[in-house]
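All values below come from the heavy atoms of this structure, side chains included, with hydrogens, waters and symmetry mates left out. Note on naming: letters A, B, ... go to the chains in the order of the sequence lines (proteins, then strands), and numbering restarts at 1 for each one.
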There are 2 protein chains.
Amino acid sequence: MSTAHEIALKARAAGNILKTVDNANRSEILRKIHDALKEKASIIEEANKKDLTVAKETGLVDSLLKRLDLFKDDKFDVMLRGILDVAKLEDPVGKVKMARELDEDLTLYQITAPVGVLLVIFESRPEVVANITSLCIKSGNAGILKGGKESVNTFRAMAAVINSTIEQNVATTGIPMGAVQLVETREDIADLLKEDELIDLVVPRGSNALVRNIKNTTKIPVLGHADGICSVYIDEFADLTKAKRIAFDAKTNYPAGCNAMETLLINPKAASWWEILENLSRNGDVVVHVTKDVKEAYISKLEELGKLDDVLKSKIADAKENEDFDKEFLSLDCAVKFVASTQEAIQHINLHSSKHTECIVTENNENAEKFLKGIDSSGVYWNASTRFADGFRYGFGTEVGISTSKIHARGPVGLDGLVTYQYQIRGNGNIAADYLGAGGEKAFIHKNLDIKNIKL
Amino acid sequence: MSTAHEIALKARAAGNILKTVDNANRSEILRKIHDALKEKASIIEEANKKDLTVAKETGLVDSLLKRLDLFKDDKFDVMLRGILDVAKLEDPVGKVKMARELDEDLTLYQITAPVGVLLVIFESRPEVVANITSLCIKSGNAGILKGGKESVNTFRAMAAVINSTIEQNVATTGIPMGAVQLVETREDIADLLKEDELIDLVVPRGSNALVRNIKNTTKIPVLGHADGICSVYIDEFADLTKAKRIAFDAKTNYPAGCNAMETLLINPKAASWWEILENLSRNGDVVVHVTKDVKEAYISKLEELGKLDDVLKSKIADAKENEDFDKEFLSLDCAVKFVASTQEAIQHINLHSSKHTECIVTENNENAEKFLKGIDSSGVYWNASTRFADGFRYGFGTEVGISTSKIHARGPVGLDGLVTYQYQIRGNGNIAADYLGAGGEKAFIHKNLDIKNIKL
């Protein structure tokens with residue numbers, strides 16, 4: 001068994017080579033991995049059955065068993081197709097983002113480059129192995145992959161296929177061994193998280209608890225989100241139909257999603273605002289956790305309209321003021337509060353949200369622009385459901401994850417989140433001492449070049 | 001006295017407002033701060049003299065005294081001019097970087113936004129207060145500033161002027177109090193470094209020891225570099241004149257700079273390579289710390305040519321193999337080693353460098369491209385001195401610092417390093433459930449719009 005340090009060193013060395021392999025070869029190895037996994041499907045299925053048997057014996061809950069089952073419905077085929085889809089994506093590496101003439105024979109380029117070594121930690125879903133392998137290789141990064149212990153046999157079988165494919169094609173594609181390494185034990189992860197000199201980015205894909213735990217135990221930057229506390233603000237000038245639709249979609253379309261609405265802020269001047277709550281509860285089974293003033297106003301309005309029946313009554317709960325507005329329910333529950341203005345909504349959100357995605361529903365341009373400018377989260381929406389915060393919906397081709405960090409990559413992250421940049425200078429023996437500021441007389445030209453015309 | 005948490009909370013609140021202030025007002029307050037500092041020059045000078053007196057009494061060394069003296073030569077005027085220069089820079093906030101039609105009435109924008117709250121820690125140079133204040137306000141970030149204790153009186157005087165200027169103009173410019181806060185004690189810093197929920201980025205400007213210490217004690221991302229171990233590789237196909245000039249400039253133009261050459265890698269097949277070392281020592285006073293094989297080859301060549309005099313002899317030292325190639329000399333010293341190929345040079349650099357800036361000297365395109373692609377540092381140069389790694393030389397207008405991180409901001413960092421981005425969606429009541437993948441039938445358009453035509 002290799003130590004964590006050896007694994008990290010091997011990944012670093014592989015990453016340094018992978019960085020130099022061109023897109024044609026990076027994509028070619030993905031197609032070969034696709035073919036090999038397809039060919040060895042029966043071996044993988046057998047390993048997967050072994051995992052399922054063990055899981056059933058240990059009493060794993062049904063929802064986890066479903067995740068673990070790689071051959072349920074068309075899951076395996078979707079996984080295979082995903083590899084080819086990533087292979088077809090535009091090369092994220094080597095894109096010229098800026099070019100500037102510093103002098104006639106001295107040019108500066110800003111060029112995208114792989115981050116280096118990624119540590120990807122995920123839980124039970126075995127298809128993630130293929131997904132992460134594709135993303136890593138396509139973006140020129142070496143990957144260290146750690147899956148859940150429930151799917152260890154499936155992982156091993158898939159890793160064996162992937163690694164032997166890489167091995168057989170080292171000479172033709174240049175993709176080095178060590179480009180993808182599988183790690184099995186929990187101890188390894190604790191040690192790997194200490195390798196901040198060799199590992200550049202940790203990508204946890206799993207529960208919030210997993211992400212929070214990793215963020216707290218490593219100095220390596222983490223790409224991920226521990227919480228998704230998204231808010232919808234119903235402005236004084238909201239269109240009621242839009243408000244009802246958006247709140248309903250944001251809460252009920254997929255309540256377990258990190259982009260689901262958890263907090264509903266209502267300006268009490270909004271016309272017929274109570275219908276939004278009624279619609280959520282009656283048609284969406286949503287329990288509204290309301291503050292005292294919302295409760296009083298809501299109930300008196302329902303009574304006035306003769307609508308306060310047992311169904312609605314059973315869906316009204318008291319909000320815990322110090323808790324429910326910092327809570328990710330991940331269920332058909334939602335905290336509801338009055339705010340007196342757009343400014344108050346912004347203040348509430350900037351204080352309580354997890355910097356994921358927030359929405360204002362309004363027909364008033366001024367309030368909308370104030371909201372779009374004032375909110376500090378990665379996604380700020382005007383009249384659209386928070387559920388749009390998703391790599392596929394954004395058109396990223398693939399999604400690496402959703403980030404609530406404020407730097408590097410924010411919100412839904414595509415392949416771009418796995419690259420960084422480098423500055424290249426191409427000169428002709430130029431030295432700083434010839435130029436102003438370092439002892440010389442020459443001035444810099446600093447003329448931006450049109451990057452469309454740059455071929456490096 | 002406010003606690004660290006109170007300071008951080010105040011900064012966060014100020015950042016949230018500052019984020020919404022337009023460029024005209026952000027620039028206007030900088031001009032007003034410029035005027036006020038100019039007007040109060042005599043008060044600041046008096047405070048600075050107090051610091052200098054104390055410093056002399058405590059026996060501060062001359063070089064630090066020089067740094068502390070804000071009125072030495074034209075330093076104060078240069079500082080004032082710097083404020084106006086930053087005010088004049090292009091607005092880094094609110095730039096549309098991407099626009100994509102998701103559907104006819106649903107558009108996604110990627111827009112630059114301030115990072116939020118910056119904690120800037122620096123040592124004795126008092127003019128940094130004005131510099132950092134300008135950078136923070138211009139980029140829409142709230143700043144918490146901590147200076148060295150030697151310049152506390154100067155800081156206080158300048159902070160008083162800056163804060164009263166902000167206070168007097170809150171109503172007209174919208175720049176909030178708390179946009180810039182000064183922190184005085186060491187204890188505060190330790191506590192502030194724990195506020196990772198409120199502070200978004202730490203920018204240390206000072207010694208490597210300071211940066212290393214901060215990186216080791218905080219979970220907040222750090223923009224900075226602890227080491228600058230830059231290498232120059234003299235390829236087999238190097239032009240000797242260029243090689244001599246570049247090595248000489250990279251080492252001697254400013255040896256204390258983080259972009260100075262610390263390691264010289266030589267391919268022994270390079271024509272007359274010994275002249276590079278001879279030139280460094282004879283004309284640049286550089287001590288070459290050479291490995292055993294380099295020493296033998298160098299001395300025998302010098303003897304053969306009858307050039308081995310006492311001057312050169314005194315400039316040859318034995319390299320400590322396990323130390324000198326991971327060392328930032330910051331002096332007229334340089335570690336020298338043979339490498340057999342470009343590939344070996346790349347491997348050495350990727351293992352030993354601090355990911356700052358590296359250069360290949362060669363006339364061979366293939367080797368150059370291999371080097372440019374294979375090196376993992378923020379700067380990769382072909383036939384140009386590492387000394388060009390600098391925000392002003394890159395044409396960034398101003399330099400926030402130089403980063404050796406691999407994500408967010410790499411290499412010389414301009415105002416762009418103080419902004420991140422947000423995704424805006426402008427819709428018309430759109431909900432995810434109407435679209436494919438979330439239960440509906442509508443397909444996304446995903447049509448990129450020309451950002452030149454976008455006005456938000």
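- Of the two parts of A/Ile246, the backbone and the side chain both hold a non-hydrogen atom closer than 4.5 Å to a non-hydrogen atom of chain B.
- Scanning residues 374-383 of chain B against chain A with a 4.5 Å non-hydrogen threshold yields B/Gly374, B/Ile375, B/Asp376, B/Ser377, B/Ser378, B/Gly379, B/Val380, B/Tyr381, B/Trp382, B/Asn383, sorted by number.
- For A/Asn216, the parts lying near chain B are the backbone and the side chain together; criterion is any non-hydrogen pair under 4.5 Å.
- At a 4.5 Å heavy-atom cutoff, the contact between A/Leu201 and chain B is made by side-chain atoms alone.
- The contact between A/Ala409 and chain B is made by backbone and side chain atoms together, counting heavy-atom distances below 4.5 Å.
- With a 4.5 Å cut-off on non-hydrogen atoms, A/Glu363 does not touch chain B at all.
- No option in A/Asn259, A/Thr252, A/Asp249 other than A/Asn259 meets the side-chain hydrogen bond (donor to acceptor under 3.5 Å, both in side chains) test with A/Arg387.
- Only one option out of B/Leu456, B/Asp105, B/Leu106 pairs with B/Arg426 in a side chain to side chain contact (heavy atoms under 4.5 Å, CB included); it is B/Leu456.
- Side-chain contact check for A/Lys242 and B/Asn428: at least one donor-acceptor pair (N or O, by modelled atom type) lies under 3.5 Å.
- Using a 4.5 Å cut-off between heavy atoms, A/Phe444 contacts chain B through its side chain alone, with no backbone atom that close.
- Looking at B/Glu369, only its side chain comes within 4.5 Å of chain A, counting heavy atoms on both sides.
- With a 4.5 Å cut-off on non-hydrogen atoms, A/Asn253 touches chain B through its side chain but not through its backbone.
- Contact annotation for B/Lys215: only backbone heavy atoms (N, CA, C, O) come within less than 4.5 Å of a heavy atom of chain A.
- For A/His408, the parts lying under 4.5 angstrom from a heavy atom of chain B are both the backbone and the side chain.
- A heavy-atom distance below 4.5 Å is not found between the side chains of B/Thr218 and B/Asp196.
- For the set A/Tyr435, A/Phe388, A/Phe392, A/Tyr109, the count of heavy-atom pairs under 4.5 angstrom toward chain B peaks at A/Phe388.
- For B/Lys406, the parts lying near chain A are the backbone and the side chain together; criterion is any non-hydrogen pair under 4.5 Å.
- Using a 4.5 Å cut-off between heavy atoms, A/Arg393 touches chain B through backbone and side chain atoms alike.
- Residue A/Arg100 touches chain B through its side chain alone, counting heavy-atom pairs closer than 4.5 Å.
- Within the 4.5 angstrom heavy-atom criterion, atoms from both the backbone and the side chain of A/Phe396 approach chain B.
- Contacts between A/Leu372 and chain B at a heavy-atom distance below 4.5 Å involve backbone atoms as well as side-chain atoms.
- Of the two parts of A/Leu108, only the side chain, counted from C-beta on, holds a non-hydrogen atom closer than 4.5 Å to a non-hydrogen atom of chain B.
- Residue contact with chain A, scored on non-hydrogen atoms closer than 4.5 Å, is absent for B/Val361.
- For A/Lys19, the parts lying near chain B are the backbone and the side chain together; criterion is any non-hydrogen pair under 4.5 Å.
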